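What follows is one structure encoded as structure tokens, with my remarks underneath.
The structure displayed is predicted, hence computed values, not measured ones. Numbered from 1 within each chain, the chains take letters A, B, ... in sequence-line order.
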Number of protein chains: 2
Amino acid sequence: MPVTIYDVAREAKVSMATVSRVLNGTAVVREDTKQRVLEAIAKLGYRPNAVARGLASKKTRTIGVIVPDVSAAFVAEVVRGIEDIATMYDYHIILTNSDAQLQREVDLVGTMWEKQVDGIVYMTHRLVKEHVDAFEQAQIPVVLCATEDPERRIPSVNIDNRRAGKDAAAYLLERGCQRIAYVTTPKGVSVLSDRRGAGLASVVPKGQFFRVEVASGRYEHALPILKTFLTDHNVDGIVAASDELGLASIHAVQDCGKRVPEDVKVMAFDNTRLATMVRPEMTVIAQPMYDFGAVSMRLLTKLLHDEPVESYNVILQHIVVERQST
Amino acid sequence: MPVTIYDVAREAKVSMATVSRVLNGTAVVREDTKQRVLEAIAKLGYRPNAVARGLASKKTRTIGVIVPDVSAAFVAEVVRGIEDIATMYDYHIILTNSDAQLQREVDLVGTMWEKQVDGIVYMTHRLVKEHVDAFEQAQIPVVLCATEDPERRIPSVNIDNRRAGKDAAAYLLERGCQRIAYVTTPKGVSVLSDRRGAGLASVVPKGQFFRVEVASGRYEHALPILKTFLTDHNVDGIVAASDELGLASIHAVQDCGKRVPEDVKVMAFDNTRLATMVRPEMTVIAQPMYDFGAVSMRLLTKLLHDEPVESYNVILQHIVVERQST
DNA sequence: CTGTTAGCGCGTTCAA
DNA sequence: TTGAACGCGCTAACAG
């Protein structure tokens, strides 16, 4: 029942090939026949069937987006950036959550192949060989988003995490902090976080740097752990791996009877909306979350259209935003 | 180059129809030939092409998801629910943001048609005739998610917002509040919010109910407006339409030199993670955000598979979660 | 239980 | 500048 390209052709008294031509601008069509076709399309309310197009052209104008979890503020913002640019270039996105589980992450590349996506924007905490193998086997252009390939084989968009770690430490050191703690997930979970930790450790004098590991990165899990830590350790500066951990840090400090920022300065990574909605407002190393997504998607479109790209491993800028917690 | 069903057929020495049968379980296949096919599939690493399947079967196993903005915490949680259940039933989702713009919301239904989605999960603040017309014209099953169709023509998943408003008011009234303010977006923007407001107003004595309108619903925009309001009005109870507005309310109260909850009790709708991460922790009318998405998607699968459904307009339960702000 | 044969709706040669 | 014909990879009758 749905009107097809044949119906339009009949209505306009041309062949379907001609309709296809005006639709795609593939070849020059005489102006008046073009008008006839356009009128027929309008009259019948014709809409091209993207699935049929996909089969015939082998291009679906669909991008696979694989992320750990959209419900995380950071990720949601990234996805928004991806979708905006995708829309701008007339692509749609198929969104999937991997829950950061390797097996699922790898499997999803396969199902994205089945869906015949033109490309993939990929986000994971820790890229390993299995991922790269999956990309290779699927033969689909991939851009890593806020995800690092240690060997830089896959196009990616990141900030300089090591440098960001250094900047955070330098910031606190300059303001008189002597003993600094880094609150983060356990080593090995997130490459980015570990990179930042390395940056911090490279600047803070040995013996004055502490690493506090929180399994889940969630506020409610972190709070008690942090309280215990602060009871045992006398730090005067804290860098948290996320806004949520930053807030937990602030509250933990306060629960220990100390003040932020007078007794302990706290800063966090990310700069989600949370950072400006709490009191004291949090000083942060702001990450360009939206741009992670937007730039990744833009890079992918370049790859797909064989446009020249200046860099396959884009580094975006991070900045320290000073607020009340330091 | 990619291996097709023909390659598998040749390898297994059967016809492609048989391969299709073992793939889809469409008909009984003798056990040993089935094994041969399976082996061939494994050997060749065959993956069915979903686009070709979609064209032939007219079913894409893809669901269109149209939301105002994924980067909003509430929405992101809903989307997560949708995606989880979609995955469970072997569907994928195409996610798009409408920014709550009517024209775009309507257009997106058309582009979803082009993509040949099997169904749509739809979220908007205010459903009007144009939406319904678009659904009708597209002839695609739609489930409204956290969105109300006043005339109940479209399947939907909601809470009872009027009752929720009443419950909020009753809760504050029972605790001694006399003058209650409802902090929300302007009338007409969100049907749900207006419904709640009506519920509140129906319980709070006339002259003791105040409606504070905040254009954007964002914390930073609400804060100054609320401070001004609180300076002029002596309320002792506040109901906010979202956690973000609730937090703005709390801070506004504090900025006016009053205490929460001693001088003014504050409660909010939603119960996003924000509610438990701030101090005082917020009392909320908890909304089942994840379930909005999950149940919507489940309902859609029932519609798509002609399973019997008990109710086309599902009402989920809301509950008051008492915390420190009241 | 299995193979043959049409399409699905469109892009894309190749001729005209 | 236009049309006819083929094929994309698969599902779904229809035979056998």
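- A salt bridge (Lys or Arg N to Asp or Glu O under 4.0 Å) check over residues 123-134 of chain B, counting only residues at least two apart or in different chains, returns the pairs B:Lys129-B:Asp133.
- Of all heavy-atom pairs between A:Pro48 and B:Trp113, the closest is O-CZ3, 4.3 Å.
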For nucleotides 3-7 of chain C, tabulate all protein N/O to nucleotide N/O atom pairs closer than 3.5 Å, reporting atom names and distance.
unit_1: C:dG3; atom_1: OP2; unit_2: B:Ser15; atom_2: N; d: 2.9
unit_1: C:dG3; atom_1: OP2; unit_2: B:Ser15; atom_2: OG; d: 3.3
unit_1: C:dG3; atom_1: OP2; unit_2: B:Thr18; atom_2: OG1; d: 2.8
unit_1: C:dG3; atom_1: N7; unit_2: B:Arg21; atom_2: NH1; d: 3.3
unit_1: C:dG3; atom_1: N7; unit_2: B:Arg21; atom_2: NH2; d: 3.3
unit_1: C:dG3; atom_1: O6; unit_2: B:Arg21; atom_2: NH2; d: 2.3

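- Between the CD1 atom of B:Ile5 and the C1' atom of D:dG7 there is a distance of 16 Å, given to the nearest Å.
- Rounded to an integer number of Å, the gap from CZ of A:Arg47 to C1' of C:dC10 is 17 Å.
- The minimum heavy-atom distance between B:Met112 and B:Ile94, with the atom names listed, is CE-O, 3.7 Å.
- Proximity note for A:Thr26 (side chain, C-beta onward) versus D:dA12, C:dT12, D:dC10: the nearest is C:dT12.
- Residue A:Lys302 qualifies as enclosed at atom NZ: its count of foreign heavy atoms under 6.0 Å is above 12.
- If you take CG of B:Asn24 and P of C:dC1, they are 17 Å apart, rounded to a whole angstrom.
- Every ring pair (Phe, Tyr, Trp, His ring centres under 6.0 Å) that B:Phe135 has, sequence neighbours left out, goes to B:Tyr122.
- Nearest-nucleotide assignment on DNA chain C puts the 5′-proximal partner with B:Arg30, out of B:Leu55 and B:Arg30.
- Between the NZ atom of B:Lys59 and the P atom of D:dA12 there is a distance of 9 Å, given to the nearest Å.
- Atoms NZ (B:Lys58) and C1' (D:dA12) sit 13 Å apart, rounded to a whole Å.
- In plain terms, the two heavy atoms of A:Asp118 and A:Pro141 that are nearest each other are O-CD, 3.4 Å.
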Does A:Thr301 form a side chain to side chain donor-acceptor pair (under 3.5 Å) with A:Arg298? I'd like the steps, not just the answer. CA-CA 5 Å; A:Thr301 63; A:Arg298 178 66 184 107; 2.6 Å; yes
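- Using a 4.0 Å heavy-atom criterion, one finds that A:Ser20 contacts the bases of the nucleic acid, with or without backbone contacts as well.
- Between B:Val29 and A:Asn49, the one whose closest nucleotide on DNA chain C sits nearer the 5' end is B:Val29.
- Under 4.0 Å is where a charged nitrogen must lie from a carboxylate oxygen, and between B:Arg104 and B:Asp107 no such pair does.
- Among pairs with a residue in residues 50-74 of chain B, those fulfilling salt bridge (Lys or Arg N to Asp or Glu O under 4.0 Å) read A:Arg80-B:Asp69, B:Arg61-B:Asp90, at least two apart in sequence or across chains.
- Within a heavy-atom distance below 4.0 Å of DNA chain C, no residue of residues 107-117 of chain A is found.
- Residue-environment remark: NE2 (A:His125) stays at or below the threshold of 12 foreign heavy atoms within 6.0 Å.
- Contact between the side-chain N/O atoms of B:Thr33 and the OP1/OP2 oxygens of C:dT2 is found at a separation under 4.0 Å.
- Taking the C1' atoms of five terminal pairs at each end of the helix from C:dC1-D:dG16 to C:dA16-D:dT1, the two resulting helix axes are inclined by 40°, rounded to 10°.
- Nearest heavy atom pair, residue B:Ile66 against residue B:Val109, reads CD1-N, 4.2 Å.
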